[in-house]
Every structure is written in C-alpha cells, then in structure tokens.
Amino acid sequence: VSRLWPFLRRVLSRSVASREPDVAGLLARLTRGEALHALPLLARRGWSPRIAIVVDYSRSTRPFHEDFNVLQRALERRHGRLGLEPAIVASEPAGDLLVRAPLQSVPRRWLPPPPGTPVLILGDLGMLSAAAETRRGWEQFGRRLRAAGCRPLVLCPVPARLHAASLQSS
C-alpha cells in the first residue's frame with residue numbers, strides 16, 4: 001500500500017500550474033524582450049481533474065469487491081468527488097459496454113471520456129473467468145479505449161506472470 005498511492009498519483013495525474021511564479025522563466029522572457037501578459041507559473045504534478053473509473057464486480061472477482069470499494073473511497077478522499085466518474089460494468093465488454101452508476105440499476109452505454117483522460121479499471125479483464133470470449137471482449141474494449149486516445153490503467157487481482165500478452169498490449 002505504501003507504494004500504491006505514489007504510483008496512482010503519478011499515473012492518474014497531469015501537469016498543472018502552481019501558484020508559485022516561475023522566476024527563471026520570467027527572467028528568460030524578460031531578457032529576450034518578450035511582452036508579459038501574465039506571470040509564468042511553475043508547473044507541478046497534480047491529480048487529473050477528470051478520472052474515469054470502470055469497476056467490474058463480476059462473479060470471478062467477488063473476493064476483491066471490498067478491495068475495489070476501499071480503493072475507490074480512498075481515491076475519492078485524495079482526489080475529491082468532483083471529476084471522478086465511476087461506472088460499474090453491467091454487461092460483457094464485447095461490443096458496447098453497458099455500465100450503471102453506483103447505487104443505480106439502469107444500465108447505459110459507456111462512452112469513452114475525452115482523449116487523454118485517465119481510465120482506471122478495477123477488475124480481472126476476464127483472466128479469472130473460464131470464458132475465453134470475456135477476455136476477448138476486454139481486449140476489444142482496450143483497443144477501443146486506445147483508439148479514443150485513452151490509455152487505461154488496470155488494477156488487476158491476478159499476478160503479472162499470469163497476464164495474457166494480448167491484454168497487456170491492447
């Protein structure tokens with residue numbers, strides 16, 4: 001756990017302007033004779049303002065459901081609720097993925113977020129399922145995310161040595 005949060009913060013973050021002036025940048029612009037319309041600010045890493053979360057509460061991941069819940073609540077405390085977009089998988093991932101909002105039962109079609117938005121997937125990507133079509137569906141889902149300009153981060157309860165190569169590259 002001690003390494004999880006720095007890792008998540010790095011992967012689910014982006015460069016944002018701080019409130020500190022960039023003195024070196026300011027001096028460089030002034031010495032080049034550039035007009036200043038605003039003070040340049042130092043950049044820092046901060047949580048991405050928008051993070052899509054896809055949670056797969058499938059039967060095969062049942063032992064990990066509470067872990068998924070704890071992780072989501074902790075991420076909510078660290079990031080804040082605003083900008084977190086949790087969606088619970090309500091169908092197989094092949095074709096259009098159907099999801100539902102937490103505490104709701106009506107499924108809807110999941111739409112990929114804007115390009116560059118981090119997508120956190122909590123699930124096994126079908127690796128614990130006996131159904132090969134489930135894993136193929138997750139592979140297709142990964143390709144659709146990549147085509148939409150999103151690179152998903154998957155927190156999977158399966159040891160890395162057992163991960164299918166097709167899931168790592170899709």
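Atom set for the values below is all heavy atoms of this structure, side chains included, hydrogens, waters and symmetry mates excluded. Heads up: numbering here begins at 1 and tracks the sequence.
Side-chain contact check for Leu97 versus Arg109: every heavy-atom pair is 4.5 Å or farther apart. A heavy-atom distance below 4.5 Å is found between the side chains of Pro113 and Cys150. Considering only heavy atoms from C-beta on, Trp138 comes within 4.5 Å of Ile121 through its side chain. Using a 4.5 Å heavy-atom threshold, the side chains of Glu85 and Arg50 count as touching. For the pair Pro118/Leu12, a side-chain contact is recorded, criterion being any heavy-atom separation below 4.5 Å from C-beta on. Counting only heavy atoms from C-beta outward, the side chains of Glu66 and Val70 approach each other to under 4.5 Å. In this structure, the side chains of Leu75 and Leu120 come closer than 4.5 Å at one or more pairs of heavy atoms. With contacts defined as side-chain heavy-atom distances shorter than 4.5 Å, the pair Val55/Gln72 qualifies.
Looking at Ser91, its side chain does come within 3.5 Å of a backbone N or O of Leu98 through a donor-acceptor pair. Side-chain N or O atoms of His65 include one that pairs as donor or acceptor with a backbone N or O of Ser58 at under 3.5 Å. Judged purely by atom type and a 3.5 angstrom limit, Ser18 uses its side chain to pair as donor or acceptor with the backbone of Leu42. In this structure a side-chain-to-backbone donor-acceptor pair under 3.5 Å is present from Ser13 to Arg9.
Distance CG/Asp56 to CG/Leu122: 9.5 Å, rounded to 0.5 Å. Rounding to the nearest 0.5 Å gives a distance of 14.5 Å between CZ of Arg136 and CG of Leu125. Distance check, rounded to the nearest 0.5 Å: CZ of Arg45 to OG of Ser15 gives 6.0 Å. Between the CE atom in Met127 and the OG atom in Ser60 there is a gap of 10.0 Å [rounded to 0.5 Å]. The distance from atom OG of Ser105 to atom CD1 of Ile88, rounded to the nearest 0.5 Å, is 11.0 Å. Taking CD1 from Ile51 and CZ from Arg14, the interatomic distance works out to 11.0 Å, rounded to the nearest 0.5 Å.
Annotation for Arg81: atom CZ does not count as buried by contact number, only 12 or fewer foreign heavy atoms lying within 6.0 Å. Within 6.0 Å of the CD atom in Glu76, the count of heavy atoms belonging to other residues, nucleotides or ligands exceeds 12. Few gaps surround CG on Leu36; more than 12 heavy atoms of other groups in view lie less than 6.0 Å from it.
Follow the hydrophobic side-chain contacts under 4.5 Å out from Leu39 and you never reach Val23; the two are in separate clusters. Hydrophobic clustering of Ile, Leu, Val, Met, Phe, Trp and Tyr side chains at less than 4.5 Å, counting indirect connections, keeps Leu111 apart from Val99. Under the 4.5 Å side-chain heavy-atom criterion for Ile, Leu, Val, Met, Phe, Trp and Tyr, Leu84 and Trp5 are members of the same hydrophobic cluster. Linking Ile, Leu, Val, Met, Phe, Trp and Tyr whenever their side-chain heavy atoms come within less than 4.5 Å puts Ile53 and Leu71 in one cluster.
Arg146 approaches Pro152 most closely through the heavy-atom pair CD-CD, 4.1 Å. Here the closest heavy-atom approach between residue Pro157 and residue Gly123 is recorded as CD-O, 3.4 Å. For the residue pair Thr134 and Pro93, the shortest heavy atom distance occurs at O-CG, 4.0 Å. Residues Val119 and Trp110 come closest through the heavy atom pair CG1-CH2, 4.5 Å.
Applying the salt bridge (Lys or Arg N to Asp or Glu O under 4.0 Å) rule to Asp67 yields no partners; only residues at least two apart in sequence or on another chain are considered. By the ring pair (Phe, Tyr, Trp, His ring centres under 6.0 Å) test, Phe7 pairs with no residue at all, sequence neighbours left out.
For Thr61 and Asp124, the side-chain atoms include no donor-acceptor pair closer than 3.5 Å.
Phe68 and Tyr57 have tilted rings, their planes meeting at an angle from 30° to 60° on a 0 to 90° scale.
Taking the centre and axis of the six-membered ring of Trp47, the NZ or CZ atom of Arg78 falls outside the cone set by 45° and 6.0 Å.
We find that Glu92 and Arg135 are not joined by a salt bridge, their nearest charged nitrogen and carboxylate oxygen being 4.0 Å or further apart.
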